[in-house]
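Beneath this line is the structure, given in structure tokens, with notes to follow.
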Amino acid sequence: MAELTEFETHRRRLWAVAYRITGSVADADDAVQETWLRWQALPEGEATDPRAYLTTVVSRICYDQLGSARSRRETYVGPWLPEPVVAQSPAPGSPEDRVTLDESVGMAMLTVLERLTPAERTAFILHDVFAVPFPEIAEVVGRTPDSVRQLASRARRRVRDQAPRRSVDRGEHRRAVDAFLAAVMGGDFDGLLEILDPQVVYRADSGGKVKGAARLPVIGGEKVARFALRLMRGFDRRTMSMTVRDVNGAPGLLFRDPAGGLAGVFAFTLDGDDGRIVGIDVVLNPDKLGHLDLDTV
């Protein structure tokens, strides 16, 4: 039986791989658990390179999950966004400790990855993010190494064309989020216009389970500003709370309205040139927030 201590040395990497491939905290947790069960059943010494073996296993599980996930998302009500990873605390084992936070885990990037085929996505993530050799990726997706090389190259071009430009530094990102928070809490329409790009895109993932949530993207600074202020007026200001937290590696917002039974996570994408907000992704679907400790908000 393979050792638990050996598996634990790779758990963080395995979860990071699984989350990027699936875009789901729950699916990533399930994939890592299934990988552990297979590792546990492996005869001692069977895997000469545990890191490579475990990466291949968790990747294949996630790759298989993508097929059924794509069919479910075709019938999903409204925009589909990844499950957010929100920093609850700096304690070991918290979400930010389970994932290497870089651009590949940003909400905007994960949304772009949704447009790739399962094979393209898996090849791109394994090769470009985790430096897995093409022959090992070929075992995961059932292709030849040359075919996998082409998959990764095609995915790389699509990501380069569709992904947002590199965001501003963390301090400027935080200042933009603070400005957005101050404006929406203060009902400051002009303040929102100052921080929102004229072509900003607001997307809300409610899965059709939250009344009043936009089922189509809202585009344009004035439209998004009006929508955000209208959304705030629907909350009970005496009981609601909204706080800045790291969302998928960058400053975002976590809010909770106990009176209305609502909660959500805001992720922001900023323009690297002028520091304005070009994208707001809001996850409202309660099914995608179950892993968060909302009582800390």
Side-chain angles (χ1 to χ4, degrees), residues 18-31 62 65-88 95 105-115 177 180-181 184-185 200-219 223-248 252-269 277 279-297:
Y19 177 68
R20 285 167 173 80
I21 293 179
T22 64
S24 165
V25 172
D27 287 347
D29 287 343
D30 289 345
C62 293
Q65 287 178 339
L66 281 182
S68 58
R70 285 172 72 90
S71 63
R72 292 196 305 270
R73 289 165 195 172
E74 288 176 358
T75 59
Y76 196 79
V77 178
W80 185 95
L81 295 173
E83 290 182 15
V85 175
V86 179
Q88 300 287 337
V105 81
M107 190 71 75
M109 175 62 80
L110 289 174
T111 302
V112 171
L113 294 179
E114 281 295 311
R115 301 167 194 161
V177 173
F180 177 88
L181 176 58
V184 295
M185 294 298 286
V200 62
V201 178
Y202 171 100
R203 292 174 300 176
D205 178 340
S206 69
K209 298 183 178 183
V210 177
K211 185 178 179 180
R215 294 195 178 186
L216 293 173
V218 180
I219 303 173
K223 290 182 179 179
V224 171
R226 290 193 183 95
F227 185 85
L229 293 179
R230 187 166 64 248
L231 184 68
M232 291 300 297
R233 286 195 291 270
F235 298 144
D236 187 333
R237 302 296 286 272
R238 297 168 300 177
T239 60
M240 78 157 293
S241 56
M242 185 175 287
T243 184
V244 177
R245 292 284 175 82
D246 266 17
V247 177
N248 286 64
L253 295 172
L254 183 61
F255 81 87
R256 181 172 180 242
D257 177 19
L262 292 174
V265 174
F266 284 73
F268 299 88
T269 303
I277 296 170
I280 304 175
D281 293 319
V282 186
V283 179
L284 300 168
N285 187 341
D287 294 342
K288 294 187 175 184
L289 303 175
H291 62 286
L292 302 180
D293 184 6
L294 296 173
D295 291 335
T296 63
V297 182

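The figures here come from the full heavy-atom set of this structure, side chains too, leaving out hydrogens, waters and symmetry mates.
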Y202-D281 side chain donor-acceptor pair, cut-off 3.5 Å: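 There is no such pair (donor and acceptor under 3.5 Å, judged by atom type) between the side chains of Y202 and D281.
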D29 and Y19 side chains, donor-acceptor separation under 3.5 Å: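 Result is no, nothing qualifies.
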Neighbour count >12 (heavy atoms, 6.0 Å) for atom CZ, R115: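 Yes, CZ of R115 has more than 12 neighbouring heavy atoms, counting only those of other groups under 6.0 Å.
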Exam field: side chain H291 to backbone V85, donor-acceptor pair closer than 3.5 Å: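 Not confirmed, H291 side chain does not pair with V85 backbone.
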Sidechain-backbone polar pair: E83 side chain, K288 backbone, donor-acceptor under 3.5 Å: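 It does not hold such a pair.
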With sequence neighbours excluded, residues passing side-chain contact (heavy atoms from CB on, under 4.5 Å) with K223: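 Testing K223 for side-chain contact (heavy atoms from CB on, under 4.5 Å), a comparison that skips the adjacent residues, returns V218.
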Name of the residue among V282, L110, V283, V265 meeting side chain to side chain contact (heavy atoms under 4.5 Å, CB included) with L81: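 Exactly one candidate clears the test, V283.
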Point-to-point distance, once rounded to the nearest 0.5 Å, from [atom1] of [X] to [atom2] of [Y]:
X    : Y    : atom1 : atom2 : value
K211 : L262 : NZ    : CG    : 11.0 Å
F268 : M107 : CZ    : CE    : 11.0 Å
I280 : T269 : CD1   : OG1   : 9.5 Å

Any residue meeting side-chain hydrogen bond (donor to acceptor under 3.5 Å, both in side chains) with R230, in chain and number order, not counting sequence neighbours: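 Once residues adjacent in sequence are excluded, R230 has no partner under the side-chain hydrogen bond (donor to acceptor under 3.5 Å, both in side chains) criterion.
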L253 side chain reached by L181 side chain, heavy atoms, under 4.5 Å: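 Side-chain contact under 4.5 Å: yes.
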